[in-house]
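Below: one structure, written as structure tokens.
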Amino acid sequence: MKSITVGITGASGSVYAQSLLIKLNESPDVSRIDLVLSQAGVRVVGEELGLSVAGAGDRVVRELLGTDSDKVIVHRVSDIGATIASGSYLSDAMIIVPCSMGSLAFIAAGITRDLVHRAADVMLKESRPLILVPRETPLNAIHLENMLKLVRLGVRIIPAMPSFYHHPQTIGDLIEHFTHRLLDHLGVGHEQATRWEGSKPKG
Ligand SMILES: Cc1cc2nc3c(=O)[nH]c(=O)nc-3n(C[C@H](O)[C@H](O)[C@H](O)COP(=O)(O)O)c2cc1C
């Protein structure tokens, strides 16, 4: 049974976070989900999903997942005394989805001014899996240098880039396929994934 920390920051793509949270909550492999949203994350979730997720507690869980869950613990981003701020609290992996270039820069610089950055810094210092799902375009040299620095520290960078080789028919198909890739990287099992089985060369 896994314990996963999920950070949501203020990049576009909050629907990926919602989709991932729903699947983690449904997974029998996951026993606990620690969730923290940055202030900008709260704003973008409001803009993109039309949901009101400020603060902490069960109301935020209901808004994002559409149901209650005793697996999900929501932390306030200002609460630097939260469990996930300490290396003695065992989290099997942390994912920040979506990850803004701002948060990515803070983490790359080792600056921990809120709970999202502190929890990520803890994963780095404890050598535990950290996955960032950045979304920005175009990328400047600062963004790229920060990503390279983090990759060299063992962080997995999985840009929010949907794929088309599985012939998606709807936006939901794109989101679902990408969410399954995130679950693969978190080591959380799921059976519905469409997996590439190879193709014959054309012509
Ligand atoms: C609607 C909206 C969409 C945004 N999209 C992005 C984005 O895709 N990538 C990004 O790096 N920043 C984006 N931003 C800007 C970040 O939210 C901003 O840099 C913020 O300070 C990031 O703070 P955080 O990392 O603490 O969440 C967006 C902001 C808004 C309001």
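One-based numbering, in listed order, for ligands and for the atoms of each. In this text, all values refer to a predicted model and were calculated from it rather than measured experimentally.
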Distance from [X] atom [atom1] to [Y] atom [atom2], nearest 0.5 Å?
{"X": "L150", "Y": "L130", "atom1": "CG", "atom2": "CG", "result": "7.5 Å"}
{"X": "T179", "Y": "Y16", "atom1": "OG1", "atom2": "OH", "result": "8.0 Å"}
{"X": "T5", "Y": "L115", "atom1": "OG1", "atom2": "CG", "result": "9.0 Å"}

*asked:* Using a 4.0 Å cutoff against the non-hydrogen atoms of T9, which atoms of ligand 1 qualify?
replied: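 In order of number, 25 (O), 27 (O).
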
*asked:* Distance under 4.0 Å to a non-hydrogen atom of S38: what atoms of ligand 1 satisfy this?
replied: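 Ligand 1 atoms under the 4.0 Å threshold to S38: 24 (P), 26 (O), 27 (O).
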
Indicate yes or no: at least one non-hydrogen side-chain atom of [X] is less than 4.5 angstrom from one of [Y].
{"X": "H75", "Y": "D34", "value": "yes"}
{"X": "H117", "Y": "D114", "value": "yes"}
{"X": "V97", "Y": "V6", "value": "yes"}

Short N or O distance, [X] and ligand 1, threshold 3.5 Å exclusive:
{"X": "H117", "value": "no"}
{"X": "R43", "value": "no"}
{"X": "S103", "value": "yes"}

Which residue and heavy atom of the protein sit nearest [atom], plus the separation:
{"atom": "atom 20 (C) of ligand 1", "result": "A40 CB, 3.7 Å"}
{"atom": "atom 10 (C) of ligand 1", "result": "E136 OE2, 3.4 Å"}
{"atom": "atom 11 (O) of ligand 1", "result": "M101 N, 2.8 Å"}
{"atom": "atom 9 (N) of ligand 1", "result": "R135 O, 2.6 Å"}
{"atom": "atom 4 (C) of ligand 1", "result": "G10 O, 3.5 Å"}
{"atom": "atom 22 (C) of ligand 1", "result": "S100 OG, 3.6 Å"}
{"atom": "atom 5 (N) of ligand 1", "result": "S12 N, 3.3 Å"}

*Are D29 and H190 linked by a side-chain donor-acceptor pair shorter than 3.5 Å?*
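Per modelled atom types, D29 and H190 side chains form no pair under 3.5 Å.
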
*Could you tell me whether the side chains of T112 and R118 share a donor-acceptor contact shorter than 3.5 Å?*
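Checked: T112/R118 side chains show no N/O donor-acceptor pair below 3.5 Å.
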
*Does atom 18 (C) of ligand 1 have any protein heavy atom closer than 4.0 Å?*
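Neighbour list for atom 18 (C) of ligand 1 is empty of protein heavy atoms (cut-off 4.0 Å).
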
_Side-chain ion pair, R62 and D68, N-O less than 4.0 Å_ =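 Yes.
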
*Heavy-atom distance to atom 1 (C) of ligand 1: which of I96, I107, V44 wins?*
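Among I96, I107, V44, the closest heavy atom to atom 1 (C) of ligand 1 belongs to V44.
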
*Using the benzene-type ring in the case of Trp, are the ring centres of H177 and F164 under 6.0 Å apart?*
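H177 vs F164: aromatic centres not under 6.0 Å.
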
_Residue part near ligand 1, for A11, under 4.0 Å between non-hydrogen atoms_ =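 For A11, backbone and side-chain atoms both sit under 4.0 Å from ligand 1.
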
